[in-house]
**Student:** 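Can you read through this structure? Questions will come right after.
In listed order, ligands and their atoms are each counted from 1. In what follows, every heavy atom counts, from backbone to side chain, and hydrogens, waters and symmetry copies are set aside.
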Amino acid sequence: MKNLKGKHLVWLHDWSKEEIETVLDTALKMKSDFYAGIQPRPLAGKTLAMIFSKPSTRTRVSFEVAMTQLGGHAIYLGMNDLQIGRGETIADTARVISRYCDGIMIRTFHQSDVETLAKYSRVPVINGLTDLVHPCQALADLMTLREKFGRLSGLTLAYVGDGNNVCHSLMIGGAKMGMEIRAVTPPGYEPKPEITRLSQEHAEKHGGKIVITNDIDQGVKGADVIYTDVWTSMGQEKEREERLKVMRPYQVNGALMTKAGDKALFMHCLPAHRGEEVTDEVADGPQSIIFDQAENRLHVQKALLALVM
Ligand code: CP
Ligand code: NVA
């Protein structure tokens with residue numbers, strides 16, 4: 001077990017395999033305790049500030065409930081609530097909020113804003129999604145895979161869609177845990193080269209593998225898990241029509257799941273645009289674990305908050 005007190009979660013790149021395992025082990029224990037009626041309140045009297053510049057269902061509700069269950073309190077701050085909207089700097093915002101609160105969660109566009117917040121904050125900063133990465137999602141996904149398979153090392157996950165924030169965090173986190181992560185994307189929609197390079201380094205160190213391909217058949221064949229996400233991420237709305245056309249062959253439907261094999265599980269970070277990146281047949285089918293995955297956002301974030309705060 002690693003001591004994580006005070007650590008920021010800007011992205012999983014600067015978290016070690018042992019640190020990630022500490023969060024996953026704690027989360028699995030807290031989840032089973034929760035179902036056994038055991039609810040410790042390690043964050044009594046503590047407050048989490050939650051800054052949102054983009055909408056959210058899961059992240060907002062799961063973080064807020066997590067703080068309540070841990071005995072603390074969460075404050076929701078939309079962009080119209082803060083003076084950032086009127087020109088106060090991120091650095092000053094960090095300096096001020098961290099004099100009141102014990103942790104800050106932020107969902108925003110630019111990764112550099114999370115870095116700035118972390119630089120000037122006295123309390124841990126948690127990235128609740130940027131255009132670049134979504135580390136809390138990847139932690140919940142890794143926890144869910146540990147539950148379903150009992151291990152992470154040696155598993156193959158095929159992410160089918162565009163190389164976005166969710167894909168990037170799965171690549172970084174999965175590679176560190178010794179998984180094979182395949183990004184199966186249309187040409188021109190591959191993950192960012194910098195993320196691919198960093199993930200490949202982590203994979204080499206930890207016995208994992210990173211595969212980038214445009215070939216659906218090869219990409220999904222023999223995978224333990226098929227994963228997808230919306231084709232148009234928040235902030236990309238202008239590209240929606242073009243993306244709908246380009247991504248169409250990459251829809252996760254019954255035929256694609258057959259190519260993967262009947263043992264493959266289906267995952268999606270949600271929200272799903274049913275009929276676009278995934279069909280109802282798959283999302284609601286026997287191989288789907290999407291709602292266990294969503295539930296685990298709560299458990300893994302409780303572990304994260306308890307450990308860093
Ligand atoms: N998966 C996820 O982060 O969902 P929200 O956008 O609803 O928070
Ligand atoms: N890639 C999606 C994830 C939503 C949780 C987005 O950024 O909109």
Side-chain angles (χ1 to χ4, degrees), residues 9-12 27 48 50-67 74 76-79 104-111 113-114 126-145 157 159-174 181 183-186 189-192 195 225-240 242-244 246-247 250-252 266-274 276-278 283 288-302 304-305:
L9 176 54
V10 173
W11 61 338
L12 287 175
L48 176 73
M50 309 192 298
I51 305 174
F52 282 93
S53 325
K54 292 180 179 179
S56 165
T57 298
R58 280 141 291 270
T59 305
R60 192 247 162 111
V61 178
S62 59
F63 266 108
E64 191 162 336
V65 171
M67 283 305 292
Y76 175 86
L77 299 161
M79 266 303 121
I104 305 174
M105 195 286 307
I106 178 164
R107 163 169 291 195
T108 190
F109 294 87
H110 304 297
Q111 181 70 7
D113 287 348
V114 183
I126 297 172
N127 183 338
L129 179 147
T130 60
D131 291 347
L132 188 69
V133 288
H134 195 357
C136 292
Q137 183 65 51
L139 287 175
D141 299 340
L142 294 173
M143 174 187 176
T144 308
L145 291 171
L157 180 149
Y159 174 96
V160 185
D162 71 324
N164 66 12
N165 43 13
V166 169
C167 175
H168 288 162
S169 281
L170 282 168
M171 288 167 65
I172 296 170
I181 307 290
V184 188
T185 76
Y189 290 83
E190 293 85 359
K192 281 203 187 306
I195 298 287
V225 183
I226 302 297
Y227 195 121
T228 193
D229 183 14
V230 291
W231 289 336
T232 306
S233 285
M234 293 178 277
Q236 298 176 331
E237 288 73 14
K238 281 199 197 120
E239 298 170 28
R240 182 171 151 77
E242 177 65 15
R243 286 172 166 270
L244 278 176
V246 176
M247 304 282 181
Y250 292 78
Q251 182 187 65
V252 179
F266 172 69
M267 296 178 82
H268 191 313
C269 58
L270 303 178
H273 288 174
R274 290 166 176 256
E276 292 182 16
E277 76 276 3
V278 63
S288 173
I289 55 168
I290 58 178
F291 297 111
D292 293 333
Q293 195 187 344
E295 178 184 333
N296 284 338
R297 290 293 302 277
L298 171 65
H299 302 295
V300 93
Q301 287 159 200
K302 277 171 74 178
L304 178 66
L305 292 166

**Student:** Under a 4.0 Å heavy-atom cut-off, which residues neighbour ligand 2?
**Tutor:** Leu129, Asn164, Asn165, Val166, Asp229, Val230, Ser233, Met234, Leu270
**Student:** Could you tell me whether the side chain of Leu157 reaches within less than 4.5 Å of the side chain of Ile181, counting heavy atoms only?
**Tutor:**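 The answer is yes; the side chains approach within 4.5 Å.
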**Student:** Contact between His134 and Arg107 at the side-chain level, heavy atoms closer than 4.5 Å - yes or no?
**Tutor:**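 Contact flag for His134/Arg107 side chains = yes.
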**Student:** Regarding Lys192 and Asp131, does a basic nitrogen lie under 4.0 Å from an acidic carboxylate oxygen?
**Tutor:**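 Between Asp131 and Lys192 there is no salt bridge, as every charged N stays at least 4.0 Å from the carboxylate O atoms.
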**Student:** Roughly how far apart are Asn164 CG and Met234 CE, rounded to 0.5 Å?
**Tutor:** 10.0 Å
**Student:** If you round to the nearest 0.5 Å, how far is CD1 of Ile226 from OG of Ser288?
**Tutor:** 12.5 Å
**Student:** Under the side chain to side chain contact (heavy atoms under 4.5 Å, CB included) rule, collect the residues that match up with Thr130, sequence neighbours excluded.
**Tutor:** Thr108, Gln111, Val114, Asn127, Leu132, Val133
**Student:** I need the contact residues for ligand 1: any residue with a non-hydrogen atom closer than 4.0 Å to the ligand, ordered by chain then number.
**Tutor:** Ser56, Thr57, Arg58, Thr59, Arg107, His134, Gln137, Cys269, Leu270, Arg297
**Student:** Quick one: list whatever passes side chain to side chain donor-acceptor pair (under 3.5 Å) with Ser62, sequence neighbours left out.
**Tutor:** Gln301
**Student:** Give a yes or no answer on whether the side chain of Tyr189 reaches the backbone of Gly161 with a donor-acceptor pair at less than 3.5 Å.
**Tutor:** no
**Student:** Please test Glu277 against His273 for side chain to side chain donor-acceptor pair (under 3.5 Å), starting from the C-alpha separation and ending with a verdict.
**Tutor:** CA-CA 6 Å; Glu277 76 276 3; His273 288 174; 4.8 Å; no
